[in-house]
Amino acid sequence: MVAVIYFVATRFALTLIDIHPNAVSLWPASGIGFAAMILYGMRLWPGIFTGAFFALLLPENSLAATTLMAAGNTLEAVAGAWLATRVLDFRKQLDRARDVIVLFIPVALLSSLISASAGIGAL
């Protein structure tokens, strides 16, 4: 189910193309991947990889580029969830202002660098 939802979110983001066929300013799949990891555990990473891989398997992307971008998307979710839960003591109930800040500052900014770097490297 995670793979299907991630696939749909990625394909939606690809309809918002600005400059390059793989460069968009909005990527809702990142939030979906992160939420899946936080709510249901790290064991869902294969679903994120599968959804990203098939969504990014486009004629203009080589197999190697598609694999690298899918790996970057997966690592983004895994690293963000790991950083939030293991390092920054994030609680998914969001009952503290600290938890909301953790989502935006360290997690969103740092983990998104992984996916962006993998995407740029692949292209």
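Here the structure is a predicted model, which means the values were calculated and not measured.
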With rounding to the nearest 0.5 Å, note down the distance linking [atom1] in [X] to [atom2] in [Y].
{"X": "Leu75", "Y": "Ser117", "atom1": "CG", "atom2": "OG", "result": "11.0 Å"}
{"X": "Thr74", "Y": "Met37", "atom1": "OG1", "atom2": "CE", "result": "7.0 Å"}
{"X": "Met1", "Y": "Tyr40", "atom1": "CE", "atom2": "OH", "result": "10.5 Å"}
{"X": "Leu94", "Y": "Asp99", "atom1": "CG", "atom2": "CG", "result": "6.0 Å"}

So do [Y] and [X] actually touch side chain to side chain, heavy atoms under 4.5 Å?
{"X": "Phe53", "Y": "Leu63", "result": "yes"}
{"X": "Arg91", "Y": "Thr85", "result": "no"}
{"X": "Asp89", "Y": "Arg96", "result": "yes"}
{"X": "Ile114", "Y": "Val78", "result": "no"}
{"X": "Phe12", "Y": "Thr15", "result": "yes"}
{"X": "Thr67", "Y": "Phe49", "result": "yes"}
{"X": "Leu16", "Y": "Trp27", "result": "no"}

Can you tell me if [X] uses its side chain to pair, donor with acceptor, with the backbone of [Y] under 3.5 Å?
{"X": "Ser115", "Y": "Ser112", "value": "no"}
{"X": "Arg98", "Y": "Leu88", "value": "yes"}
{"X": "Asn73", "Y": "Ala52", "value": "no"}

Are [X] and [Y] connected in the hydrophobic side-chain network, where two residues link if heavy atoms are under 4.5 Å apart?
{"X": "Val102", "Y": "Ile38", "value": "yes"}
{"X": "Phe34", "Y": "Leu39", "value": "yes"}
{"X": "Trp45", "Y": "Val87", "value": "yes"}
{"X": "Val100", "Y": "Phe90", "value": "yes"}
{"X": "Leu44", "Y": "Trp82", "value": "yes"}

Which atoms form the tightest heavy-atom contact between [X] and [Y], and what is the distance?
{"X": "Met69", "Y": "Gly119", "value": "CG-CA, 3.8 Å"}
{"X": "Gly121", "Y": "Leu68", "value": "C-CD2, 4.1 Å"}
{"X": "Ala118", "Y": "Gly72", "value": "CB-CA, 3.6 Å"}
{"X": "Arg11", "Y": "Ala55", "value": "NE-O, 3.0 Å"}

Subject >> CG/Leu57: more than 12 non-hydrogen atoms of other groups inside 6.0 Å >> reply: yes
**OP:** Show your reasoning for whether side chain to side chain contact (heavy atoms under 4.5 Å, CB included) applies to Leu14 and Leu56.
**Re:** CA-CA 9 Å; Leu14 292 174; Leu56 296 168; 4.3 Å; yes
